[in-house]
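Letters A, B, ... are given to chains in the order of the sequence lines, protein chains preceding strands, and every chain is numbered from 1. Just so it is clear, the model here is predicted, and its values are computed rather than measured. Side chains are part of it too, since the values below use all heavy atoms of this structure and drop only hydrogens, waters and symmetry mates.
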Amino acid sequence: MDLQAQLKTAITEAIATVYGETVSDTTLQPTKKEFEGLYTFVTFPLTKSLRRAPAEIGQQLGQWLVQNSDLVSRFNVVQGFLNLSVADRVWTDLFTSLRTDAPVAAKGQSVMVEFSSPNTNKPLHLGHLRNNFLGESVSRILDANGFDVVRTCIVNDRGIHICKSMLAYQKFGQQPDGSWETPESSGLKGDHLIGKYYVLFDKAYKVEIEQLVGEGIEKEKAEKQAPLILEAQAMLRRWEQGDAETVTLWKRMNTWVYAGFEKTYQKIGTRFDKTYYESQTYLLGKEVVEEGLKTGVFYRKDDNSVWIDLTDESLDHKLVLRSDGTSVYITQDLGTTDLKFNDFHNQRSLWVVGNEQDYHFQVLFKIMKRLGRSYADGCYHLSYGMVDLPTGKMKSREGTVVDADDLVNTVTEAARTAADEATKGKMDEFSPDEQETLFQMIGLGALKYFLLKVDAQKRMLFNPEESVDVHGHTGPFIQYTYARTRSVMRKAADAGLSVPAELPVVSFHPTEQQLLFLLTQYPQRVAEAGADYAPSYVAQYAYELAKAFNQFYAEVTILSEPNRNLLLVRLALSELVGQTIKKSMRLLGIDVPEKM
RNA sequence: GCUUUCGUAGCUCAAUUGGAUAGAGCACCUGACUACGGAUCAGGAGGUUUGGGGUUCGAAUCCCUACGAGAGCACCA
């Protein structure tokens, strides 16, 4: 039973009895650390209706509660704040109920989470990692809240940028010995190989532009006239016509890219239930435009282009079909949004996409609403901020992009270095393979935690040094704490100690109360994280819990505690903290080690 | 120019959604049974929450304004 709810009921009763007033919304807040108490009731809002001073109300309610409620053992009043303490037995009951809490019931609702959405012309980078970690974590959090989650990925596998890589490969891919470069021959991951040719295209293209400019042509014109870009455009047209040679090359190169992506996804622990390919969906949406024209949602201009007027929703007019009848970006989205819903009939649908597309999604959702789509209200753009580097923005043109695979390797190595410094030989019992697994777990833990602890909406700074730190507010700190709880449990088992189902009533140490309080907060925090699609809530929580455990660990002894009851309670506490840390980290997509 | 997001310790981030003396980490100082795991813990220093008005019992949070930063304003995706 929820202690907070019980206290609220008691307070409502107190107000009714003492003042004869009925209050509808009593809110409790956790008592600040500097004050004694578990929960605090704020009396300021009552002063008007009760015509009494805030402190007086606190005094009177506090007295009533201590006398009439068996929950409240003590109270103190500071201005308008009534701080309530609870009895030992209440703490014990609380603890017992925590240990037997049932998992959240299934909601019978499904939600689609679309994330990652890579281009097939270059490997994943740091920005994709924030996206992936967010998408994966939100998926897990929603799952923990009882939703059926469908993870989807839309691969942008067609378009002019893909043709650029293809064209460059045709031109530069043949080796001196006459063979064509492949991932095997080059030793490059497929996505990196394709990325290499995309860069080659860009270089050669720039040379051509400079040449044209040197001949006195304006830069803007030169960019449109350069032979390479014309060739790429021609290739795109051939692709759209289904030209066999072009399509064969396209398929071959895509196969390489997908193999490369798959490796990365596996390493970072992401999977998808359904992958959509733009090459298969880019023609969708035109029927939706037709439909909208018929129902008057859209209108046609004299030049034959199709628009929607969103000015009365403080947006603008938006083009949904070009005058030549071809699609624009949003046309495709009209089609794929319908497609996704028809495939899965999700009650909710999330798009994990950077905030530079805020406007696009506002427009998209408004259109779906006007088209009368039943799912429109369940659509949500999980918008996240860009990742900056200490040197400024990531710019692919300037080569300042942080590659995802490189980064994962870097953090793994950093974990190895940190372990060498910290453990002094404790790693010896691990086999080389086990060490490798562990370092990757810790490195990824550091990286994921670093990216997830910040509010997703906000722009953030990626400091490479801080991202691999293992001290302080970091993933490895939390992982370490988990390993500590496991160490305690192993030692206890060795000593033949086990945690009984029924716990004795003891007097709890302040650090124990703090831990118990945090443990009671877990379901609520997970629920809030689900409601706001906010992994950062869970990340903050896991840190608070780990920190509190380390304080507890330093303040009291566990295994050498002479009082048997205390010993057992502390053991039970360590166990539950470990489990809760593990669950929290799992929601972030971070694994925790038994030893480190 | 219009629209929009943001501005919190030297740096990176919190702040239970309007509540108490604004909290953590990093960096910088000082300490901790030679260890139930020191990848830890305790303490110190660090703030006019960008400036200025307003709303109220109460504002980092809501409103206005100035300044500063980012993003969006294609018949690109």
- Message: Categorize A:Ala492 for me: base, sugar-phosphate, or nothing, with a 4.0 angstrom heavy-atom threshold over every strand shown.
- Response: nothing

Check: Which whole number of Å gives the distance between the P atom of B:C26 and that of B:A42?
Finding: 11 Å

key: Separation between the P atoms of B:A59 and B:A20, rounded to whole Å   = 10 Å

Practice task
Classify the ring geometry between A:His317 and A:Tyr299 as parallel (under 30°), tilted (30 to 60°) or perpendicular (over 60°).
Solution key: perpendicular

Classified by glycosidic angle (syn within 90° of 0, else anti), B:U21 comes out anti

Name the nucleic acid region contacted by A:Thr47, choosing base, sugar-phosphate or nothing; use a 4.0 angstrom heavy-atom cut-off, strictly under.
nothing

Once base and sugar-phosphate atoms are separated, protein heavy atoms under 4.0 Å mark nucleotides 15-20 of chain B, 5' to 3', with B, S and - as -BB-BB

Looking only at B:U40, B:A77, B:G38, the nucleotide nearest the A:Tyr553 side chain is B:G38

With a 4.0 Å cut-off, would you call A:Arg416 and A:Glu413 a salt bridge? yes

Problem set entry | B:G37 OP1/OP2 closer than 4.0 Å to side-chain N/O of A:Lys491 | yes

Heavy atoms under 4.0 Å, any strand shown: does A:Asn156 hit a base, just sugar-phosphate, or nothing?
-> sugar-phosphate

Review point. Expressed in whole Å, how much space separates the C1' atoms belonging to B:U5 and B:C41?
Key: 40 Å

Here the distance between atom P of B:G70 and atom CG of A:Leu389, to the nearest Å, is 15 Å

Under-4.0 Å side-chain N/O to phosphate OP1/OP2 contact, A:Lys547 with B:G25:
yes

Between CG of A:Leu319 and P of B:C76 the distance, given in whole Å, is 8 Å

task: Measure from NZ or CZ of A:Arg484 to the centre of the six-membered ring of A:Tyr553, then state whether that distance is under 6.0 Å and the direction lies within 45° of the axis.
output: yes

On a whole-Å scale, what distance lies between the P atoms belonging to B:U12 and B:G52? 23 Å

Quiz prompt | Sugar-phosphate only, base, or nothing, as touched by A:Glu278 at under 4.0 Å among non-hydrogen atoms | solution = sugar-phosphate

- prompt: In whole Å, what separates the P atom of B:U65 from that of B:G1?
  reply: 16 Å

What do you reckon, are the aromatic ring centroids of A:Tyr480 and A:Phe477 less than 6.0 Å apart? no

Winner on side-chain proximity to A:Lys48, out of B:A39, B:G70, B:C57, is B:C57

(Q) Is it true that, when you exclude A:Lys453 itself, more than 12 heavy atoms of the residues, nucleotides or ligands shown sit nearer than 6.0 Å to its NZ? (A) yes

By nearest-heavy-atom nucleotide on RNA chain B, the more 5' of A:Ser327 and A:Met386 is A:Met386

Which of B:G72, B:G70, B:U40 is nearest the side chain of A:Glu356? It is B:G72

The single option from A:Tyr533, A:Phe365, A:Tyr380 that satisfies ring pair (Phe, Tyr, Trp, His ring centres under 6.0 Å) with A:Trp351 is A:Phe365

For the C1' atoms, the ones on B:C11 and on B:C57, what distance do you get once it is rounded to whole angstrom?
37 Å

To the nearest angstrom, the CG-P distance between A:Leu334 and B:A77 comes to 13 Å

With a cut-off of 6.0 Å (strictly less than), are more than 12 heavy atoms of other residues, nucleotides or ligands near CD of A:Glu220? no

Output row for RNA chain B, stems defined as at least 3 consecutive Watson-Crick or G-U pairs under 3.5 Å, is B:1-7 with B:67-73, B:10-13 with B:23-26, B:28-32 with B:40-44, B:50-54 with B:62-66

Check your understanding: How is A:Val353 classified with respect to the nucleic acid when contacts are heavy atoms under 4.0 Å: base, sugar-phosphate, or nothing?
Key -> nothing

Give the intermediate values and the outcome of ring pair (Phe, Tyr, Trp, His ring centres under 6.0 Å) for residues A:Phe552 and A:Phe549.
CA-CA 5 Å; A:Phe552 155 78; A:Phe549 181 80; 5.5 Å; yes

Categorize A:Ser487 for me: base, sugar-phosphate, or nothing, with a 4.0 angstrom heavy-atom threshold over every strand shown. base

Applying side-chain contact (heavy atoms from CB on, under 4.5 Å) to A:Thr47 and not counting sequence neighbours gives A:Pro54, A:Ile57

note: A:Glu465, atom CD; B:A27, atom P; distance rounded to Å ~ 11 Å

Between A:Ile558 and A:His471, whichever has its closest RNA chain B nucleotide further toward 5' is A:Ile558

Exercise. May I ask you to verify if any side-chain N or O of A:His473 is less than 4.0 angstrom from the OP1 or OP2 atom of B:U12?
Key: no

| task | Could you work out the separation of B:U50 and B:A60 based on their C1' atoms and round it to a whole Å? | result | 12 Å

Taken to the nearest whole Å, CG/A:Asp469 to C1'/B:A24 is 14 Å

- Query: Taking only N and O in the side chain of A:Arg322, is any of them less than 4.0 Å away from OP1 or OP2 of B:A77?
  - Reply: yes

- Message: Donor-acceptor check, side chain of A:Asp2 to backbone of A:Gln4, threshold 3.5 angstrom: yes or no?
- Response: yes

Whole-Å distance, A:Gln514 CD to B:G23 C1', equals 13 Å

message: Strictly distance-based, threshold 3.5 Å: is any side-chain N or O of A:Glu561 a donor or acceptor partner for the main-chain N or O of A:Arg570?
response: no

Provide the distance between the two P atoms, one in B:A45 and one in B:G68, to the nearest whole Å. 36 Å

Q.
Under 6.0 Å from the ring centre and within 45 degrees of the ring axis: does the NZ or CZ of A:Arg158 meet both conditions for the six-membered ring of A:Tyr282?
A. yes

Item to check | Sugar-phosphate, base or nothing in reach of A:Asn550, heavy atoms under 4.0 Å | outcome: sugar-phosphate

- Task: Remember a base hit wins even if backbone is also touched, and classify A:Val328 as base, sugar-phosphate or nothing at under 4.0 Å, heavy atoms.
- Result: sugar-phosphate

Rounded to whole Å, CG of A:Leu559 lies from C1' of B:C36 at a distance of 5 Å

Quick note, A:Tyr543 side chain, CB onward, closest among B:A71, B:A39, B:G25 is B:G25

Quiz prompt | Heavy-atom donor-acceptor pair, A:Asn83 side chain to A:Thr40 backbone, under 3.5 Å | solution = no

In whole angstroms, the gap separating P of B:C26 from CG of A:Leu461 amounts to 18 Å

